[in-house]
Amino acid sequence: MFDNFTKTRIKANGVYINLVHGGVGPPLLLLHGYPQTHVEWHKIASKLAEHYTVVAPDLRGYGDSEKPPAQEGDLSVYCKRTTAQDQVEVMETLGFESFHVVGHDRGARVGHRMALDHPERVRTFTSLDVVPSQAAFDHMDSQLSFAWFHWHLMRQPSPLPETLIGNSAKAYLDFLLERWTAIDGSITDEAYTEYLRCFNDPETIRATCLDYRGIELDLQHDEADRGRKLTCPVLLLWGSNMAKRPGWQTGANLDMLTVWRERAVDVRGKPLDCGHFLPEELPEETTAELLAFLSAH
């Protein structure tokens with residue numbers, strides 16, 4: 001995986017961030033989601049690197065990036081504002097003052113916050129299979145709560161979720177990957193081995209629970225920015241096959257394009273016939289959509 005990419009660790013915002021980078025052209029930052037690592041981009045990174053300088057990090061708390069401790073009740077260590085700052089400093093260290101951002105799942109939430117806090121940095125923003133956190137919690141219903149059971153579990157006080165997940169880490173990971181995937185065989189054995197290696201680390205479980213608890217502070221930041229729209233062009237792609245994940249992201253009442261158009265001035269997008277993991281389930285289609293959008297900006 002990631003042939004011809006360079007693997008390195010960069011200290012940014014006080015933590016070491018693991019990443020791979022390679023390619024030529026304008027800078028493109030790829031931010032992965034839960035429960036994965038930068039490996040989720042392995043099917044599309046090389047193609048993107050033919051046109052862009054691709055940077056694919058592990059978010060703080062994930063993969064081989066550092067997993068800093070947090071004092072009881074301190075949500076700032078893993079809130080999206082902090083995680084976005086990590087990646088701004090990573091890109092600055094690599095010599096990029098502004099760049100395109102593609103985020104999936106948690107990475108899209110980091111990218112959204114980055115575009116709000118650092119609008120001069122983000123040339124374009126692509127969100128893969130995510131509605132804004134504020135919209136989801138404003139409209140939380142029984143369908144969305146069922147689909148997002150892991151949010152509600154992982155937000156519980158320590159050490160309950162850490163203990164429950166840690167006692168069955170492989171079973172928990174396998175359940176999430178299976179339920180959120182619509183196209184069988186999409187997650188390769190090589191990628192799965194990496195996901196399991198990283199997820200099976202008790203420190204990853206601790207840190208990712210802190211990431212999800214951070215939503216309390218994230219929503220405070222979102223409330224302060226309510227009504228403020230992103231000015232960069234925004235692309236939305238989402239998985240339309242909901243057979244195994246009814247209620248995912250939108251619940252009974254939300255519409256992906258509508259909620260993002262309430263938060264950005266220039267939004268376009270479309271569904272793809274897959275589950276949650278677009279870059280792995282439909283890599284060719286995802287790559288084509290990304291290249292078409294990025295080349296226009």
Side-chain angles (χ1 to χ4, degrees), residues 13 17 29-38 40-41 56-63 65 75-88 90-91 99-119 121-122 124-140 144 147-148 150-155 176 180 207-226 228-230 232 234-239 245 248-251 254 256-257 259-264 267 269 276-279:
N13 200 20
I17 300 296
L29 177 63
L30 304 179
L31 301 177
H32 69 85
Y34 179 85
Q36 299 164 297
T37 70
H38 76 276
E40 83 158 86
W41 308 107
D58 293 333
L59 300 174
R60 73 160 57 197
Y62 290 77
S65 287
L75 302 177
S76 67
V77 178
Y78 286 91
C79 73
K80 302 304 163 292
R81 172 161 286 162
T82 298
T83 308
Q85 183 65 35
D86 294 348
Q87 302 307 326
V88 166
V90 162
M91 296 301 279
F99 40 87
H100 301 283
V101 178
V102 177
H104 172 241
D105 190 89
R106 308 304 284 173
R109 303 189 192 286
V110 174
H112 186 196
R113 175 45 55 188
M114 184 187 298
L116 286 167
D117 287 355
H118 307 277
R121 304 279 190 174
V122 179
T124 66
F125 171 51
T126 299
S127 171
L128 301 183
D129 209 47
V130 163
V131 298
S133 301
Q134 185 184 61
F137 279 89
D138 280 352
H139 298 87
M140 186 68 65
L144 186 51
W148 277 17
H150 60 298
W151 279 74
H152 306 305
L153 169 63
M154 294 168 71
R155 292 175 62 201
L176 298 182
W180 297 351
T208 53
C209 286
L210 287 167
D211 177 24
Y212 275 82
R213 289 188 190 111
I215 186 61
E216 183 178 341
L217 184 54
D218 294 336
L219 290 175
Q220 292 177 29
H221 295 156
D222 290 347
E223 186 61 33
D225 285 322
R226 187 182 287 272
R228 182 175 158 215
K229 292 190 174 186
L230 303 184
C232 65
V234 173
L235 173 66
L236 310 177
L237 299 173
W238 64 95
R245 51 185 194 131
W248 182 261
Q249 297 292 327
T250 54
L254 296 181
M256 190 73 73
L257 284 169
V259 295
W260 276 108
R261 284 173 175 156
E262 292 171 352
R263 290 164 173 82
V267 179
H276 183 49
F277 304 112
L278 283 72

Would you say [X]'s side chain and [Y]'s backbone share a donor-acceptor pair under 3.5 angstrom?
{"X": "His118", "Y": "Gln85", "result": "no"}
{"X": "Ser65", "Y": "Asp58", "result": "yes"}
{"X": "Glu40", "Y": "Pro279", "result": "no"}
{"X": "Trp260", "Y": "Val130", "result": "yes"}

Nearest-0.5 Å distance, [atom1] of residue [X] to [atom2] of residue [Y]:
{"X": "Lys80", "Y": "Leu75", "atom1": "NZ", "atom2": "CG", "answer": "10.0 Å"}
{"X": "Lys229", "Y": "Arg261", "atom1": "NZ", "atom2": "CZ", "answer": "10.0 Å"}
{"X": "Asn13", "Y": "Gln87", "atom1": "CG", "atom2": "CD", "answer": "9.5 Å"}
{"X": "Thr124", "Y": "Leu235", "atom1": "OG1", "atom2": "CG", "answer": "8.0 Å"}
{"X": "Leu144", "Y": "Gln249", "atom1": "CG", "atom2": "CD", "answer": "7.5 Å"}
{"X": "Leu153", "Y": "Trp148", "atom1": "CG", "atom2": "CH2", "answer": "15.0 Å"}

- Query: Which residue pairs pass the salt bridge (Lys or Arg N to Asp or Glu O under 4.0 Å) test when at least one of the two sits in residues 126-140, sequence neighbours left out?
  - Reply: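 Listed once each, the pairs are Asp129-Arg245, Asp138-Arg226.
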- Pair Arg263 + Asp225: basic N to acidic O under 4.0 Å: no
- May I ask you to say whether Arg109 pairs ionically with Asp218, meaning some side-chain N is under 4.0 Å from a carboxylate O?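 No, Arg109 and Asp218 are not salt-bridged.
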- Task: For Thr82, check side-chain hydrogen bond (donor to acceptor under 3.5 Å, both in side chains) against everything at least two apart and list the hits.
- Result: none
- Apply side-chain hydrogen bond (donor to acceptor under 3.5 Å, both in side chains) to Arg60 and list each qualifying residue two or more places apart in sequence or on a separate chain.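 By the side-chain hydrogen bond (donor to acceptor under 3.5 Å, both in side chains) rule, Arg60 matches Asp86.
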- Query: Are Trp151 and Ile215 close enough that some pair of their side-chain heavy atoms sits under 4.5 Å apart?
  - Reply: yes
- Message: For a 4.5 angstrom cut-off between non-hydrogen side-chain atoms, does Trp41 reach Val102?
- Response: yes
- Derivation and outcome, side-chain contact (heavy atoms from CB on, under 4.5 Å), residues Phe137 and Leu219: CA-CA 9 Å; Phe137 279 89; Leu219 290 175; 4.0 Å; yes
Which residues satisfy the salt bridge (charged side-chain N to carboxylate O under 4.0 Å, His left out) test with [X], sequence neighbours excluded?
{"X": "Arg81", "result": "Asp117"}
{"X": "Asp105", "result": "none"}
{"X": "Arg121", "result": "Glu92, Glu97"}

- Query: Yes or no on side chain to side chain donor-acceptor pair (under 3.5 Å) for His32 and Thr37, after CA distance, side-chain angles and deciding distance?
  - Reply: CA-CA 6 Å; His32 69 85; Thr37 70; over 6 Å; no
- Taking all non-hydrogen atoms of both residues, which atom of Pro57 and which atom of His38 are closest, and how far apart?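 Looking at all heavy atoms of both residues, the shortest contact is O-CB, 3.5 Å.
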- Message: Run Tyr212 and Arg106 through side-chain contact (heavy atoms from CB on, under 4.5 Å) and show every step you take.
- Response: CA-CA 9 Å; Tyr212 275 82; Arg106 308 304 284 173; 3.4 Å; yes
